[in-house]
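Report on one structure; see the data block that follows.
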Amino acid sequence: MGLDDFRGELSAAIGADRVFEGGDRYATDWTGRYSAGTCLVVRPSNTEQVAEVVRAAARHGVALVPQGGNTGLVGGGVPHRGEVVVSLESMRQVGPVDVVSRQLTAEAGATLQQVQEAAVAAELRYPVDFGARGSATIGGTVATNAGGINVLRYGMTRHQIVGIEAVLGSGEIISRLTGLVKDNTGYDFVSLLCGSEGTLGVVTKVRLRLVPVAPHRCTFLAGVPDLATAMACVTDLTRNLDTIDAVELMMANGLRLVSDCIGLPVPIADHSVYLLIEASSEADQTEAIGRILATRPGVEVVSAATAQQRRDLWRLRDEHTPSINMLGPPAKFDVTVPLRAIPRFVPEVHRLIEERHVGSTLVIFGHAADGNLHVNVIGVESDDLERLGDDVLGVVASFDGSVSAEHGIGVTKKRWLHLSRSEAEIASMKAVKNALDPMGIMNPNVLFD
């Protein structure tokens with residue numbers, strides 16, 4: 001038994017056109033740091049075919065890597081040691097919106113943008129959002145418990161899921177898609193599978209919670225003199241208003257990089273730190289937010305007066321990741337620290353990089369209101385990446401932070417999982433994996449060895 005027998009069996013079962021050799025599109029991750037060159041890809045079209053793939057893999061001793069839009073940033077969605085990629089790209093259906101319960105069911109290969117557009121067509125909103133919305137898939141957002149820009153108000157992906165369908169590593173199908181808001185019948189498989197990074201099974205469908213669309217939305221860019229003032233502004237906004245959707249943090253060097261790369265000028269210049277603020281509500285919050293920000297000295301504010309101006313302000317934030325990649329493959333650290341620690345954490349990381357990784361470039365941006373910062377270091381040699389990770393994530397741990405906020409552990413961060421999880425927690429996670437994936441075939445190289 002082996003890969004050839006597996007391929008032959010699957011070709012007969014689901015069609016030869018659904019089992020093929022895949023190139024960079026499937027074998028290389030978004031950052032370009034991980035690549036298998038080529039790989040075997042299976043592309044099932046429904047949950048039953050996914051189950052056939054998993055059962056055949058178990059029989060033939062073949063390891064699998066579930067893959068959605070391949071927009072992951074920690075190497076968790078590509079093969080590393082000869083695994084077969086299970087691509088969900090043929091499973092892209094988005095069901096009709098249930099306007100009574102404010103829910104919809106989407107297949108795992110549907111993009112985040114597809115779900116958002118279906119919600120908008122029903123005059124509702126799916127609140128999970130980030131820059132890769134056009135290519136990131138719903139299955140991928142579930143696998144990593146994606147966060148994005150609206151976590152402050154609506155929570156992460158786990159908070160939006162009211163039902164799930166998946167094929168476990170045992171080949172069994174579990175399906176709970178009724179959308180019951182209250183259901184206390186034992187273990188919560190939604191929470192278990194969300195954030196599991198494909199190590200327990202393949203998510204095939206998800207039942208999602210939608211929220212009402214507020215009639216008024218206002219968007220601001222604020223230039224502030226320093227991080228302490230920026231975080232004071234965050235506190236002022238969230239203490240006085242419950243209508244804030246997002247507060248994004250950008251540093252001057254990152255904003256200049258984006259502006260140069262996309263040719264979009266920054267409307268206010270000569271500030272060290274920038275906040276992108278958005279609120280939505282029944283009544284216009286423009287005056288209230290402007291008044292709150294005006295109480296802090298040295299803060300300069302512009303607001304979006306048109307839809308195009310709003311899109312331009314958000315492009316300055318959304319284009320950070322593509323612009324950083326223009327400098328070369330970055331070492332990316334998606335971390336969380338307590339809000340009160342941000343004004344001390346960012347300078348400490350700068351000091352560490354300047355002293356221990358001379359010649360590299362550091363760009364930090366992120367979600368100011370939930371403490372999630374994206375630390376990007378460009379220009380570090382491959383053989384120095386572990387030392388860099390020890391340095392950066394050691395600082396994160398010293399501030400009582402987490403080594404992963406929303407991208408997952410993947411392959412990149414396995415070495416540092418112990419900084420955020422105790423031995424007992426890691427042992428418990430391994431026990432769960434052994435129970436649901438008894439053959440150890442589901443994404444075996446991520447999360448832990």
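- A salt bridge is defined here as a Lys NZ or Arg NE, NH1 or NH2 lying under 4.0 Å from an Asp or Glu carboxylate O, and Arg43 with Asp17 fails to meet this definition.
- Judged by distance alone, the side chains of Trp314 and Glu248 never bring a donor and an acceptor atom under 3.5 Å apart.
- Taking the six-membered ring wherever Trp is involved, the centroid distance between the rings of Tyr154 and Tyr126 does not fall below 6.0 Å.
- For the residue pair Tyr26/Thr38, the side-chain donor-acceptor check at 3.5 Å is not satisfied.
- Looking at Ser45 and Gln49, their side chains do bring a donor and an acceptor atom within 3.5 Å of each other.
- Taking the six-membered ring where tryptophan is involved, the planes of His374 and Phe365 are tilted, since the angle between them lies from 30° to 60°.
- Counted by atom type alone, Ser281 and Thr243 present zero donor-acceptor pairs between their side chains at under 3.5 Å.
- A search for side chain to side chain contact (heavy atoms under 4.5 Å, CB included) contacts involving Val213 returns Arg125, not counting sequence neighbours.
- No side-chain heavy atom of Val162 sits less than 4.5 Å from a side-chain heavy atom of Leu208.
- Residue pairs meeting the side-chain hydrogen bond (donor to acceptor under 3.5 Å, both in side chains) criterion with at least one partner in residues 63-75, sequence neighbours excluded, do not occur; the list is empty.
- Considering only heavy atoms from C-beta on, Ile262 comes within 4.5 Å of Arg315 through its side chain.
- Salt-bridge formation is detected for the pair Arg7/Glu21: a Lys NZ or Arg NE/NH1/NH2 atom is positioned less than 4.0 Å from an Asp or Glu carboxylate oxygen.
- Residues Trp416 and Asp390 bring a donor and an acceptor atom of their side chains to less than 3.5 Å of each other.
- Arg18 and Ser90 form a side-chain donor-acceptor contact under 3.5 Å, judged by distance and modelled atom types alone.
- Under a cut-off of 6.0 angstrom, the local environment of CD in Gln308 is crowded, with over 12 non-hydrogen atoms contributed by other residues, nucleotides or ligands.
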Set out, in order, the CA-CA distance, both residues' side-chain angles and the distance that settles ring-ring contact (aromatic ring centres under 6.0 Å, His included) for Phe220 and Tyr274, then state yes or no.
CA-CA 10 Å; Phe220 295 81; Tyr274 293 83; over 10 Å; no
